[in-house]
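Okay, so here's the structure we're looking at.
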Amino acid sequence: YFIAALHIARRRHEADEVSAAAAAQTVTDILGSLLIGVDHAGFAVPDLDEAVSMWTAMGLREVHRERNDEQGVVEAMMAVGDGATRIQLLAPSDSTSAIAGWLDKRGPGIQQVAFEVRDIEAAATALRMLGFDVLYDTPRGGTSNCLINFVHPKSCGGVLVELVQYPL
Ligand code: MC0
């Protein structure tokens, strides 16, 4: 439904029924309706166990841990309070991963902010229509069997935005 609505907006502009600005606004409105909230912020850390200990000492709780070889990370999800907010601790599992590169260049810190979306394919289509640089042609596997994709920080104000869709 969402992807069909996005293509209709584009076709209406191509047929000169609506202006480029009006079509873009429709795409933005659809994209806005696909956003559910901030799922997590991802912190790059050199050592997962040490980072988990530090954030546990601050009162966060580890609720999930897994290794993702495609992304080259070992990660722990930390709950902040009783709500749904999570901090994702990301340590490199191999020296060529994005997290290893980030740590080399910038050291530990906030590497990404993740938005939960209702339909990740539609969100990626809308973002591309609006000129954002979406990294993967098709979503890949993320935490807890989520689908993930990313918007390149160069097209996004210097912030790496992750898109997350939970399994049904
Ligand atoms: C790089 N840059 C960033 C950045 N990474 N800026 C903000 N936030 C980041 N995370 C900037 C650099 O400072 C540089 O700017 C320019 O982008 C190119 O940097 P680079 O070091 O050459 O980096 P690239 O191009 O090799 O890689 C950047 C890219 C990569 C975003 C394509 O990190 C990537 O593919 N990320 C998506 C995958 C990922 O992050 N996986 C780890 C989390 P200047 O100004 O110096 O040119 S896995 C995950 O999160 C999963 C497990 C999950 O949640 O389920």
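It should be emphasised that the depicted structure is a prediction, and the values quoted were computed from it without experimental measurement. In each ligand, atom 1 is the first atom listed, and ligand 1 is the first ligand listed.
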Give me the residue, atom name and distance of the protein heavy atom closest to atom 16 (C) of ligand 1.
K154 CE, 3.7 Å
Is there any side-chain hydrogen bond (donor to acceptor under 3.5 Å, both in side chains) pair reaching into residues 51-62, and which pairs are they, with sequence neighbours excluded?
E62-R65
Considering only protein heavy atoms, which is closest to atom 30 (C) of ligand 1, and at what distance to one decimal place?
A98 CB, 4.1 Å
In this structure, which one of E116, R86, Q88 forms a side-chain hydrogen bond (donor to acceptor under 3.5 Å, both in side chains) with H40?
Q88
Quick one: salt bridge (Lys or Arg N to Asp or Glu O under 4.0 Å) partners of E70, sequence neighbours excluded?
none
Side chains of R10 and H13: any donor to acceptor distance under 3.5 Å?
no
Connected via hydrophobic side-chain network under 4.5 Å: L130 and F115:
yes
Answer yes or no: is there a side-chain heavy-atom contact under 4.5 Å between Q165 and P139?
no
Could you establish whether G158 and ligand 1 come within less than 4.0 Å of each other, counting only heavy atoms on the residue side?
yes
Within-cutoff protein neighbour (heavy atom, under 4.0 Å) for atom 27 (O) of ligand 1
no
Side chains of L48 and L89: closer than 4.5 Å at any heavy-atom pair?
yes
Is the shortest distance from atom 54 (O) of ligand 1 to a protein heavy atom below 4.0 Å?
yes
Protein heavy atoms near atom 35 (O) of ligand 1, is at least one of them under 4.0 angstrom away?
yes
At less than 4.0 angstrom from any non-hydrogen atom of H40, what atoms of ligand 1 do you find?
54 (O)
Hey, which of V161, I120, T138, D137 is the one that makes side-chain contact (heavy atoms from CB on, under 4.5 Å) with N149?
I120
Value for NZ (K154) from CG (L160), rounded to nearest 0.5 Å, stands at 12.5 Å
Residue part near ligand 1, for L135, under 4.0 Å between non-hydrogen atoms:
side chain
What protein heavy atom lies closest to atom 12 (C) of ligand 1? Include the residue and the distance to one decimal.
R106 NH2, 3.7 Å
Distance in Å, I99 CD1 paired with F43 CZ, rounded so as to fall on 0.5 Å steps
12.0 Å
To which protein heavy atom is atom 10 (N) of ligand 1 closest, and what is the distance rounded to 0.1 Å?
Q111 O, 2.9 Å
If I take atom CG from residue L34 and atom CG from residue L163, how far apart are they, to the nearest 0.5 angstrom?
10.0 Å
If I apply the N/O under 3.5 Å rule, does N68 come out as touching ligand 1?
no
Can you tell me the protein heavy atom closest to atom 21 (O) of ligand 1 and the distance?
K105 NZ, 2.7 Å
Nearest non-hydrogen protein atom, atom 1 (C) of ligand 1:
P153 CG, 4.3 Å
Atoms of ligand 1 less than 4.0 Å from G142 heavy atoms?
55 (O)
For atom 5 (N) of ligand 1, what's the nearest protein heavy-atom neighbour? Residue, atom name and distance, please.
W102 CE3, 4.1 Å
Please report the closest heavy-atom contact between A100 and D94, naming both atoms and the distance.
CB-O, 3.7 Å
Does the protein put a heavy atom less than 4.0 Å from atom 18 (C) of ligand 1?
no
Is there a polar contact, in the sense of an N or O pair closer than 3.5 Å, between Q112 and ligand 1?
yes
Look at atom 24 (P) of ligand 1 and say whether a protein heavy atom is found at less than 4.0 angstrom from it.
no
In this structure, atom 38 (C) of ligand 1 is nearest to the protein heavy atom Q71 OE1, 3.3 Å
Would you check if L135 and H152 make a side-chain contact, meaning some heavy-atom pair closer than 4.5 Å?
yes
I want to know if ligand 1 touches Y136 in the polar sense, i.e. an N/O pair below 3.5 angstrom.
no
Pick, from H152, Q88, E66, the option with the minimum heavy-atom distance to atom 29 (C) of ligand 1.
H152
